[in-house]
Amino acid sequence: SAPSSTTNGTSDTSTGPVQTAGASLDPNAKGPAPTDPKAKKGGTLTISYATSPSSMDPSAQFYQDSGAIMTRLTMRSLTAFVNRGGKQVLVPDLATDLGQVSSDKLTWTFKLKSGIKYSDGSTMKAADIAYAVKRSFAFTATGPTYQVDYLKGGDKYLGPFKSGDTFAGIEAPDDSTVVFHLAKPWETLPYFTTFTQVSPIPQAKDTKDETYGDKALATGPYMIKSFTQGSELTLVKNPNWDPATDAARTQYLDGYDFKFGTDTIKTQQGILASTGDYGTTLDWDPVDASFADQIGSGGPKAKQFVSGPSSCTITVNMDTRKIPLAVRKALAVAYPYDDLYTASGLTSLSGRPAHTLIPPQIPGWLDYTVPGLTGQGPGDPVKAKAMLAAAGYGPDKPFEIKNYYTNDDPSNIAQTVNQIRKKKLEAAGFKVTDKGVAGKDRRKLIADPNGDYNIGQSPGGWCFDWPSADSIFPPTVSSTQLTSGGTNWGDLQDPKIDAELARIQKLSIAEQGPEWGKFDQWLMTNYLPVLPWYWDRSNILFGTKVHNVINDDNHGSPILDSIWVDQ
Amino acid sequence: MFIYIARRIALGVSVLLVTLVVTFLIFFAGPADPAQSLCAENRCPAVKLEQIRTSMGLDRPISVQFAEYFQGLFVGRDITDGGNVNHCSAPCLGYSFHNHLQVSDEVFRRFPTTVALALLAMVVFLGVGVSLGVVAATRRGSAFDRTLVGVSQVFGAIPYIVVALLFALYFTVLYPILPQTHPFSDGFGPWIVGLIAPAIVLGLVTSTAYVRYTRAQMVDTLAQDYVRTARSKGISGRSVIYKHGLRAALSPVLTILGLDMAGLLSGTLITEQIFSVDGLGKLAITALIQTDDLPIIMGTVLLGCVIVVALNIVVDIAYSFVDPRVRLS
Amino acid sequence: MTLGSSAVAAETLEVGVDPELSDAAESSRRHGRTPGQIAWDRLKVDKVAIVCAVIVVFFILIAVLAPLLVKLEGETLNAFHPELINRRNTLPTIGTTAQHWFGVEPRTGRDLFALWAYGAQPSLTIGFLAAVSSTVVGIVMGLLAGYLGGIVDRVISWVIDFFLSLPYLLFVFALVPIVQNRVGGGRILTAEETSSLRFWVLLIILILFGWIGLARLIRGEVFSLREREFVQAAKVIGVPTRQILVKEILPNLVGPIIVSASIAVPGYIAAEATLSFLGAGLVEPTPSWGRTISVASGGNFSAYPLHLWPPVLGVALLVLALSLLGESIRDAFDPTTRR
Amino acid sequence: MSTSPEAVDDATDDATDDATDALKPDDVVVDTVVHQAPRDVANAPKLLEVEHLVKHFAVREVRGLSMLRSSVKAVDDISFVVREGESLGLVGESGCGKSTTSRLITRLEDPTSGAIRFRGQDMALMKEKELRPLRREVQMIFQDPYSSLNPRQTVGTILRTPLDVHGLAKGREKARTKELLELVGLNPEHINRYPSEFSGGQRQRIGIARALAVEPRLIIADEPVSALDVSIQAQVMNLLARLREELNLSFLFIAHDLGVIRHFCDSIAVMYLGKIVEKGWKRDIYSAPQHPYTQALLSAAPDINVVRGVPPRERIRLKGDPPSPIDPPSGCRFRTRCWKAQDICAKVEPPLELKESSGLDQVIACHFPEVKTSLVAEVS
Amino acid sequence: MSTGTSPSGASIRDRVGSAGDVVLKVEDLSVRFASDEGPVNAVQNLSYEARLGRTLAVVGESGSGKSVSSMTLLGLHNPKRTTITGSITLDGTELVGASEETMRGLRSSSVAMVFQDPQSSLHPFFKVGKQIAEAYRAHHHVSAAVANTRAVEMLERVGIPNPARRAKQYPHEFSGGMRQRAMIALGLVNDPKLLVADEPTTALDVTVQAQILDLIKDLQQEFGSAVILITHDLAVVAEVADDILVMYAGRAVEKGLAKHVLSQPNHPYTMGLLESVPSASEEVQELRAIRGAPPSLVYLPSGCSFHPRCDYQDQVPGERCVTELPELRILPNGRQIRCHLVDPERVLSQETSR
Ligand SMILES: Nc1ncnc2c1ncn2[C@@H]1O[C@H](COP(=O)(O)OP(=O)(O)OP(=O)(O)O)[C@@H](O)[C@H]1O
Ligand SMILES: Nc1ncnc2c1ncn2[C@@H]1O[C@H](COP(=O)(O)OP(=O)(O)OP(=O)(O)O)[C@@H](O)[C@H]1O
Ligand SMILES: [Mg+2]
Ligand SMILES: [Mg+2]
């Protein structure tokens with residue numbers, strides 16, 4: 001999944017104690033959510049963000065920023081995550097439980113709580129959720145596509161505007177029941193139901209395009225007062241939110257003021273100095289490395305900084321069709337992880353070296369090591385050269401590495417990273433052909449499976465959408481991506497892998513965990529489609545008047561509703 | 001006078017029309033692919049891309065697209081996005097599929113900010129530049145004069161971006177003696193107050209040129225025969241300098257001002273970027289760098305052009321008020 | 001003159017050497033000198049001009065001798081030194097040292113002096129090359145419009161108005177990738193190819209937008225010059241038009257042309273820096289001051305001031321020196337400041 | 001006298017041309033030149049004939065809300081003849097079209113209609129190429145000694161240009177330029193100096209030398225001394241007179257100073273608002289002007305001799321300024337300022353004709369001419 | 001000319017003093033400018049006086065210091081770059097060294113100036129009436145309306161038709177002659193005792209020049225003020241001046257009644273000037289021009305400044321002309337000249353009759 005609104009990103013992983021899947025579900029949680037006795041009420045929090053969500057439409061959202069805003073503040077879904085002592089727990093939200101699955105595992109039924117009201121005072125109905133799910137099919141260009149893969153008839157359905165209201169994948173037999181009909185078993189559906197795509201939308205209020213988001217009816221504790229794309233979002237309290245029905249959210253602040261498109265460095269300097277409004281400002285863009293001494297552990301401003309895993313593993317993608325396994329292994333040895341990491345402006349605040357594809361906070365994570373794949377170190381050109389020679393490549397017949405890189409990045413990072421990589425790989429005996437293109441063009445070029453490259457195609461990493469590896473591997477290594485004209489990790493198209501994926505997905509949520517861990521090791525040992533590089537971390541920097549900032553390890557963002565401020 | 005303005009406007013319109021065609025060709029026939037940026041971040045299969053392109057109407061011949069755009073400008077047109085048909089009334093600058101907004105709404109919302117920034121900056125640089133220039137001219141050769149000219153030279157030589165960055169950092173962030181910027185939606189007061197800091201830095205840096213120019217002009221004017229005549233009337237020295245001297249010195253300054261309009265707009269572009277001002281420049285840069293949002297780019301360039309042309313006409317008319325000789329020609 | 005057969009006649013006919021030009025006066029004047037030479041004489045004694053010229057020459061030397069200087073420092077351009085970077089904050093572990101005169105670049109450890117010295121090359125080259133080319137274009141356009149008048153003038157004037165109405169920064173910004181695409185034949189280029197192509201694209205675009213001012217100026221000057229009686233005299237004598245333009249009119253424009261060109265150079269240097277800041281300028285691996293400024297100011301520039309300030313000072317000093325030099329040149333050519 | 005270009009091209013050897021001879025320094029007759037020597041210009045062959053010459057400038061004029069295209073009738077149907085050796089003076093108020101006339105004859109301006117015949121050849125419609133040989137014959141001296149010399153060229157270059165253009169004095173250009181400088185009374189060693197190093201009077205001499213370089217027959221002098229100081233003015237006048245005498249030049253001499261005109265010219269044409277209103281021999285015009293405008297002009301000229309006991313003249317003071325040449329008065333153009341104007345003056349334009357009744361020799365365009373003799377007293 | 005409607009019309013006749021009184025006394029005035037080349041001695045040891053009702057003509061070639069000396073009367077030189085010595089008494093007030101405040105009070109009200117080029121001397125951006133009214137208001141506490149009425153009245157007085165409409169026009173809408181009239185109106189609006197007219201007609205046509213000269217004469221008679229007329233045109237002097245002061249290279253070389261000086265010059269330079277001018281009423285065979293050109297004021301010739309151009313040095317014994325600066329002396333016939341010639345009148349008249 002996509003980590004942030006624009007840049008192909010860098011964020012999230014946790015090193016906390018690994019949860020078992022079972023422990024992270026609490027089907028019996030009831031509202032109201034416990035409130036912190038130290039919490040102060042009132043005030044406004046300013047949140048600054050360098051990029052801007054292109055809309056606040058719940059059907060189209062797939063990003064960390066807008067996701068954090070909607071799931072925590074304005075939009076309730078069937079289920080939700082809560083943070084309990086640093087652990088993420090899945091609880092029922094609009095639903096009364098975490099869903100009932102039929103014995104053939106193809107039908108999921110959710111019962112809704114009664115008396116849930118929209119911000120305009122009208123009552124929510126089950127049909128609104130069914131409509132919202134159908135509606136999400138119209139926005140798959142920008143939103144997630146799990147519903148397309150799993151819901152019955154999802155591969156044909158194009159949403160209510162084009163394909164009409166009839167869709168076999170979901171129904172609302174009465175006002176308080178929502179039933180999902182699946183094309184194949186989907187053990188982790190209750191995780192998917194936390195998505196805003198499952199937040200109710202009354203069909204009558206739909207504007208039929210993303211402008212719905214500007215005035216979307218809220219079910220959460222806050223509602224949109226105004227949204228100006230590219231610059232600002234203002235949230236105020238939702239008077240029709242009933243805490244008693246909500247086990248996941250609290251309402252401390254009077255409102256939130258989101259500023260988009262701000263200058264990160266300037267904001268971070270302001271927050272560190274906490275002058276004026278910066279005292280109550282929070283910024284969750286990656287912190288500039290030069291501030292690390294101030295905010296790192298033991299630093300004078302350490303109290304203004306919270307960090308935690310985000311959901312992403314950053315990788316270096318290789319085209320397995322064009323690079324033989326032996327060369328891929330040599331590449332893994334030659335790759336200058338550390339130099340590139342530092343050249344990218346990354347520090348220990350930004351991530352941790354990764355040696356597996358699954359990040360450690362996912363249940364079932366297997367802590368294995370494939371020799372040479374540590375995600376760190378300066379690279380070993382001598383050894384790599386020897387490996388290449390063994391594979392039949394030498395100075396007279398060098399192996400050619402081709403890659404695209406962004407050449408219009410004003411911070412120059414992509415260009416210097418490319419330079420360093422080129423030098424280091426050449427030192428190991430590779431021939432490197434680097435092609436500079438504008439960032440926006442690169443995105444297109446590296447998404448073309450037939451493009452003229454052999455490393456660095458998309459995805460350059462993966463962020464899980466829910467804490468189970470079935471939101472990691474099926475989308476990244478199954479052959480479906482390549483079949484539909486896209487790219488995946490290693491540009492893999494292997495029936496053995498597909499079969500293994502299918503096998504694991506059929507298991508129950510608790511059983512899947514360890515199996516994914518083994519799959520990870522198997523994949524890396526036998527295929528080596530990508531080089532794991534680092535597990536991204538979220539950075540949250542805030543003014544001295546901001547309190548109770550907690551990182552959401554599943555999303556790599558602050559849990560917005562739990563924050564309070566001094567006035 | 002009327003004829004003069006009419007001719008000026010006709011010239012402006014011809015420039016705008018050509019700009020329209022040229023920008024359309026440059027952007028729509030250029031290498032940009034707006035569909036790509038609409039596609040989900042990491043991967044976008046070709047099929048999906050083609051779908052998006054079709055839904056945006058980008059698959060049709062460029063002439064058809066232009067005809068449609070042109071028509072939209074004058075009579076409006078309908079645009080389909082998602083399940084919706086939006087009517088975009090004239091002057092329709094197109095529809096941003098990226099922001100799901102009509103471009104006209106988007107650019108007109110930011111228009112006041114950019115114009116206000118430009119005008120405030122103009123107030124600053126004319127105020128500072130002209131008054132310092134006059135003082136320097138009247139004390140020609142004094143230490144004050146030399147210091148002022150020197151400082152303005154040095155100030156003008158430092159790359160603007162660095163000056164603006166330092167200014168923004170020190171005066172609005174670390175020692176916030178000047179207020180932060182606010183979008184228009186926060187209300188008029190905070191909005192306009194927020195523009196003070198960027199206007200000051202843009203104005204001050206621009207003023208360096210005006211200090212020197214006004215000074216030179218003023219020195220020239222004060223040597224004119226009619227200034228001597230004014231002095232021979234026995235009126236006060238202030239009156240001679242400000243009423244007779246400055247008035248005449250101003251008209252060449254105005255000419256330069258007219259020529260500077262495009263430069264001023266470019267200045268706001270960078271300033272908006274650095275101060276995070278929610279104006280046209282920022283919109284355009286985002287559209288250019290990040291999203292390839294062609295209709296937005298077109299809209300901002302056209303509107304930018306309109307601003308320059310309009311301000312130019314205003315300056316010309318102002319010029320004719322300053323200099324009565326122009327009124328007849 | 002050998003007419004002096006009669007003193008009376010000589011007087012009546014006013015033949016003889018004018019007392020005004022008698023030898024005493026002669027020595028105080030500069031005879032047989034072109035205005036250019038006179039301007040040169042004046043510049044030679046203008047202290048500001050000399051200091052500025054020294055500064056400009058200094059930077060030109062830096063640019064030309066960059067390879068040598070960097071070798072002297074014991075470095076190479078674009079050599080990465082990750083070992084000099086503190087991985088905790090990506091800042092260099094060293095300041096100025098004997099090995100790295102200006103320290104090293106944060107994140108990558110490249111030698112900043114090398115980047116600075118080599119960075120002077122494109123700044124100066126673009127500055128001077130663009131100034132020369134746009135000056136030539138401006139002269140030609142201005143001469144044609146001003147002297148031929150009529151339809152030619154109207155067309156050129158319109159084009160000038162057109163360019164003046166364009167929000168040029170936006171345009172330049174949008175044009176860079178397009179021109180690059182066209183010039184590059186649509187191919188995808190390697191870093192080296194891109195960077196050299198960008199150089200030319202930048203140059204072309206700066207010239208495209210740079211000739212306007214001078215053309216306007218020249219046009220106006222030619223308008224008044226062609227009414228001057230010496231031009232009319234040339235016509236009456238039967239001097240062909242081309243010769244009038246080149247021999248009679250052009251030499252009278254040398255002053256404004258030199259002034260305009262000398263003011264254009266710092267303008268282009270600043271423009272390169274600005275465009276690079278916005279991401280439409282030069283690219284890796286070509287170092288340029290504009291790019292270094294852009295990179296350094298993109299982060300927390302107070303953390304390692306050595307990164308930002310040398311190129312800022314370079315640009316500022318060069319721009320200042322060139323502008324002051326331009327002003328001195330203008331004064332030197334200005335007949336009204338002549339004694 | 002033959003001045004065919006070929007003859008001059010090999011002027012190094014014994015030229016047959018009087019002018020060329022005269023320009024050789026050794027041959028310059030250095031003696032007190034007797035100016036204004038009676039001469040028989042009346043019967044000399046015609047050198048320049050101007051017939052019905054018209055020049056209208058198209059101008060745009062704003063009237064209220066509309067833009068009119070109208071024309072400045074700068075020169076409106078004038079005819080005159082300059083004979084070999086004659087100096088014709090052209091006087092009139094500012095803006096009456098004197099300079100335009102000179103620019104038409106030198107073809108700096110294209111005439112709207114009419115003929116300009118030089119030795120019978122009509123040059124009014126000639127192309128620049130055809131004109132070039134004639135350019136040698138007709139030269140111009142300009143008013144402003146500062147703007148008439150290219151400040152970026154040395155005197156040598158300035159004087160060489162005409163030689164090069166017409167291929168004169170091949171091989172001895174430098175010597176020739178020196179000769180020219182000597183001819184106008186300048187030190188030939190100053191050949192490498194720039195115009196800025198000369199005083200106004202000297203510059204005017206350089207301008208004269210440049211005109212003489214091509215050995216012209218006719219010189220159009222547009223206010224050649226107006227910009228000069230009194231004492232310098234006299235020097236230049238003397239120079240012109242001497243050259244005229246020595247080289248037998250013809251002049252169209254434009255001036256607004258009636259003293260200068262009287263001093264230099266044989267015949268005089270008085271212009272008013274694009275038209276010639278009176279034309280005749282100098283003696284007649286000064287002693288017996290007939291046109292009211294000529295009379296007003298003469299009586300307005302301040303005269304130094306009033307202090308020398310010359311009886312006070314009758315004073316005629318014109319009211320107002322001349323009307324705009326864009327929209328000249330109907331009929332007689334002078335009628336708006338004329339004290340004699342009657343109805344007919346507004347209706348019928350008086351032709352330029354000889355008034356037999358006066359017994360005098362000048363042509364006048366007036367319905368009510370009257371000879372006035374008391375305007376200028378003869379001192380001598 | 002009607003003065004009936006003028007609010008201040010009465011004052012014109014109320015002026016103190018009568019014709020012939022000395023209003024201005026200039027004594028031993030020297031003006032020196034600093035320049036790159038060295039000090040410019042624009043005016044040296046100049047003395048003269050101007051009397052009510054009389055016209056003093058100051059003549060001389062370009063650069064002889066005519067304008068500089070007259071600008072000194074209004075204190076218009078930049079004090080930083082100018083050294084002024086000597087004395088100027090205007091109606092009892094010493095002007096040399098007077099404060100800017102004093103000078104401002106005198107300008108226009110006691111001494112007014114009409115400049116040479118009316119085109120450049122009127123402010124192009126202000127209406128003519130306003131420019132005149134401004135001068136009036138600078139010295140009278142009256143409302144704008146009153147001052148305006150006064151301006152219109154002045155325009156009428158200098159013979160501008162339809163003055164009320166003209167007052168509302170800009171200078172560029174005036175013809176050259178009308179501009180000069182407006183300048184004169186501006187000069188006279190405060191009824192000064194002394195009017196300095198610096199080449200008021202040089203830029204004008206003969207017919208217009210005649211009108212303006214007549215006007216100045218008429219107004220002088222009516223206002224009774226003293227007029228200093230600066231010109232290089234001796235014919236103009238002959239027509240209008242009572243007294244004459246001939247300047248050469250910053251010094252007075254001859255002073256006297258205009259009538260006498262012009263009909264019988266006593267200084268070779270004056271004589272040269274007279275002989276240089278071709279007259280409309282006289283057919284001369286040849287002009288007897290003065291040789292050479294006026295000297296540079298920085299490098300003045302030694303002795304008599306005129307000696308390099310003078311034809312009569314041989315009449316003066318020894319090298320006196322070259323070595324000794326002649327004093328301005330009074331001749332037996334009452335004229336003042338700066339010349340070593342013992343009997344100039346005889347020498348020069350011989351020459352003329354030659
Ligand atoms: N190029 C032109 N376009 C329009 N009008 C012109 C042009 N040249 C001259 N005129 C007009 O033609 C008329 C005659 O001008 P011209 O210069 O011949 O007058 P002049 O007699 O030489 O006057 P002066 O004594 O001032 O030199 C004037 O009204 C002038 O404004
Ligand atoms: N401000 C000044 N600084 C230096 N020199 C000056 C200044 N003003 C006048 N001069 C010089 O003083 C001399 C006398 O000038 P002035 O203007 O009085 O001459 P003029 O007799 O009025 O001549 P014209 O007839 O040309 O008006 C000139 O040589 C002039 O260059
Ligand atoms: Mg003329
Ligand atoms: Mg003067």
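Values below: every heavy atom of this structure, side chains too, minus hydrogens, waters and symmetry copies. Naming convention: chains lettered A, B, ... in sequence-line order (proteins, then strands); numbering from 1 in each chain.
Of the two parts of D:Q153, only the side chain, counted from C-beta on, holds a non-hydrogen atom closer than 4.5 Å to a non-hydrogen atom of chain C. There is no contact between D:V155 and chain C, counting heavy-atom distances below 4.5 Å.
Residues of residues 140-148 of chain D that come closer than 4.5 Å to chain C, counting heavy atoms only, are D:M140, D:F142, D:Q143, D:D144, D:S147, D:S148, ordered by residue number. Residues of residues 232-241 of chain C that come within less than 4.5 angstrom of chain D, heavy atom to heavy atom, are C:Q232, C:A233, C:K235, C:V236, C:I237, C:G238, C:V239, C:P240 in numerical order.
At least one donor-acceptor pair under 3.5 Å links the side chain of D:N150 to the backbone N or O of C:E248.
Atom CZ of D:R152 sits about 13.0 Å away from atom CD1 of C:I249, to the nearest 0.5 Å.
Ranking D:R210, D:E189, D:R107, D:E128 against chain C, the residue ahead of the rest is D:R210, based on heavy-atom pairs under 4.5 Å.
Residues D:P195 and C:F230 fail the side-chain proximity criterion, which asks for heavy atoms closer than 4.5 Å.
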